[in-house]
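In what follows, chains are A, B, ... by sequence order, proteins preceding strands, each numbered from 1. Heavy-atom basis, side chains included; hydrogens, waters and symmetry copies ignored. None of the values given here were measured: they were computed from a predicted structure.
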Amino acid sequence: MPELPEVETMVRGIRDSLVGSRISEVLLPPCACRPIQIFPGIEEMRQTSHGERIAAVRRRAKRVVIQLENEHAFVIEPRMTGLMLLGDPPDREHLRFEWRLISGRRRFSVWFWDRRGLGTLKLLNPEELEKLLTGPVLGPDALELTLEHLRNRLGKTDRPVKVALLDQKLIAGIGNLYASEILHLAGISPATASSKISTSRLERLLSATQEVLQLAIRYEGSTLGDGTYRNALNQDGSYQNQHRVYAREGEVCRTCGTGEILRIVQAQRSTFYCPRCQKR
DNA sequence: CCCCAGTCCTGCGGGC
DNA sequence: TGCCCGCAGGACTGGG
């Protein structure tokens with residue numbers, strides 16, 4: 001499931017090829033499955049993007065932003081199973097969108113592939129893009145968090161900290177997998193009421209967030225058993241081998257060597273933790 | 001306003 | 001063996 005590290009890996013994987021190249025065509029591949037949500041329609045997308053040069057490729061939280069020189073931007077939300085690919089896709093039937101590009105004499109394509117089709121694709125105008133980047137829909141990016149952010153945002157809610165970490169309005173970029181990983185490294189129980197966490201423990205939470213996300217980026221994200229997430233060249237990430245708790249229910253905690261990893265359900269999502277290492 | 005349950009989607013694996 | 005059901009969870013919606 002693409003979260004911040006996986007989306008960052010996608011962006012790094014396509015950036016050098018895309019920046020400076022020119023869009024010759026955008027296409028909806030023939031696809032037997034239900035079409036993904038796109039906005040606006042394909043014809044408006046063509047009119048706005050045809051012949052435009054790509055100025056930048058960046059990440060905002062869990063979204064890929066492809067900025068054009070005319071200041072419009074494609075914004076891709078991979079959600080559960082979406083991938084940005086330069087190489088061969090896992091299969092042809094779940095290709096959802098194609099950008100045909102020209103760089104000098106070279107012609108190539110970048111694809112959006114999405115097995116489950118929960119992903120979305122939008123072409124935003126400059127005002128809409130500005131709202132996405134700085135508006136209230138998304139909180140501060142998890143890699144740019146400060147202690148003040150945590151104090152102001154977690155301090156005002158009594159929800160369990162695991163649930164609050166998933167709220168993109170509070171902090172943007174953390175998903176279900178990395179929330180469990182971060183709380184384990186921070187030594188904080190996922191059930192702790194957010195507002196009850198002391199400043200010194202918020203400092204641990206802050207450094208654990210940076211450490212886990214940066215390390216996961218270095219390992220190019222997590223490819224789980226379902227094998228869905230891959231980098232831009234359709235290769236596996238390797239952070240799954242470093243997982244501290246996620247999907248390790250019943251196994252022994254590698255940190256304390258004795259605790260058994262438990263799974264609980266919070267807000268209809270699985271949470272994994274070590275009851276010995278993580279206290280309220 | 002705040003928060004939670006329900007919803008979308010597809011593929012896979014457990015159980016009978 | 002084959003079928004069905006539940007589960008995976010990112011982001012959004014409706015309602016309490």
Side-chain angles (χ1 to χ4, degrees), chain A residues 1-10 28-29 31-39 59-65 75-84 89-97 112-122 124 128 131-133 135-139 141-142 152-183 190-196 213 216 221-230 237 240 243 245-250 263-272:
Chain A
M1 63 218 81
E3 302 181 25
L4 186 153
E6 288 77 20
V7 177
E8 180 65 25
T9 305
M10 286 179 202
L28 294 168
C31 174
C33 35
R34 191 170 298 205
I36 59 160
Q37 185 198 324
I38 69 167
F39 174 88
R59 177 189 60 76
R60 170 67 171 121
K62 303 174 196 174
R63 295 159 206 222
V64 177
V65 179
V75 176
I76 301 102
E77 280 188 41
R79 303 242 179 135
M80 290 300 293
T81 53
L83 301 176
M84 295 296 291
D91 61 51
R92 304 281 308 174
E93 68 255 34
H94 296 103
L95 287 172
R96 309 289 185 154
F97 201 85
F112 180 60
W113 180 94
D114 187 358
R115 193 183 67 193
R116 281 163 67 177
L118 293 172
T120 68
L121 174 66
K122 293 175 181 164
L124 301 185
E128 292 164 332
K131 252 187 242 169
L132 173 78
L133 296 179
V137 178
L138 293 174
D141 200 271
N152 293 338
R153 288 162 179 271
L154 293 186
K156 289 183 174 57
T157 178
D158 294 329
R159 280 185 290 171
V161 60
K162 157 64 163 41
V163 178
L165 286 177
L166 297 183
D167 187 339
Q168 303 297 298
K169 288 189 289 299
L170 294 181
I171 298 165
I174 297 170
N176 200 51
L177 191 160
Y178 292 102
S180 285
E181 293 297 304
I182 288 166
L183 287 172
T192 311
S194 301
S195 58
K196 299 281 197 300
L213 295 178
S222 299
T223 298
L224 298 179
D226 61 11
T228 295
Y229 168 71
R230 310 234 190 273
Q240 64 279 4
H243 285 177
V245 287
Y246 187 83
R248 297 192 64 236
E249 182 184 12
R263 185 184 83 95
I264 58 173
V265 175
Q266 296 178 289
Q268 299 159 291
R269 305 282 186 258
S270 288
T271 301
F272 299 89

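- For the pair K62(A) (side chain) and I174(A) (backbone), a donor-acceptor distance under 3.5 Å is present.
- A donor-acceptor contact closer than 3.5 angstrom is absent between the side chains of E3(A) and Y229(A).
- Counting to the nearest Å, the P atom of dG10(C) and the CG atom of D114(A) are 14 Å from each other.
- As judged by a 4.0 angstrom heavy-atom cut-off over every strand, R263(A) is placed among residues touching the sugar-phosphate backbone only.
- In terms of heavy atoms, T9(A) sits closest to G221(A) at OG1-N, 4.0 Å.
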So which protein nitrogen or oxygen atoms get under 3.5 Å of nucleotides 13-16 of chain C's nitrogens or oxygens?
none

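- Looking at which nucleotide of DNA chain C each of K122(A) and L118(A) is closest to, the 5′-most match is held by L118(A).
- Rounding to whole angstrom units, CD of residue E93(A) and C1' of dC9(B) are separated by 15 Å.
- Relative to the side chain of Y246(A), the nucleotides dA11(C), dG9(C), dT10(B) differ in distance, and dG9(C) lies closest.
- Between the Q266(A) side chain and the P160(A) main chain, no donor and acceptor come within less than 3.5 Å of each other.
- Taking atom CD on E3(A) and atom P on dA11(C), their separation rounds to 9 Å, with Å as the unit.
- Straight-line distance from the CZ atom of R60(A) to the P atom of dA11(C): 11 Å, rounded to whole Å.
- Whole-Å rounding puts the R159(A) CZ to dC4(B) P distance at 6 Å.
- At the heavy-atom level, F272(A) lies nowhere under 4.0 Å from the strands shown.
- Taking the charged nitrogens against the carboxylate oxygens, D114(A) and R79(A) have no contact shorter than 4.0 Å, which rules out a salt bridge.
- With hydrogens and angles left out, the side chain of R63(A) and the base of dG10(C) share no donor-acceptor pair within 3.5 Å.
- Remark: P of dG9(C) and CZ of R79(A) are 16 Å apart, rounded to the nearest angstrom.
- Note on T120(A): nothing from the nucleic acid sits closer than 4.0 angstrom, heavy atoms only.
- The stretch residues 161-176 of chain A touches DNA chain C through Q168(A), G175(A), N176(A), each having a heavy atom within less than 4.0 Å of the strand.
- In this structure, CZ of R116(A) is placed 13 Å from C1' of dA11(C), rounded to the nearest angstrom.
- For the pair E8(A) (side chain) and R59(A) (backbone), a donor-acceptor distance under 3.5 Å is absent.
- At least one donor-acceptor pair under 3.5 Å links the side chain of R153(A) to the backbone N or O of L170(A).
- Note: CZ (R269(A)) to P (dG6(B)) measures 12 Å, nearest angstrom.
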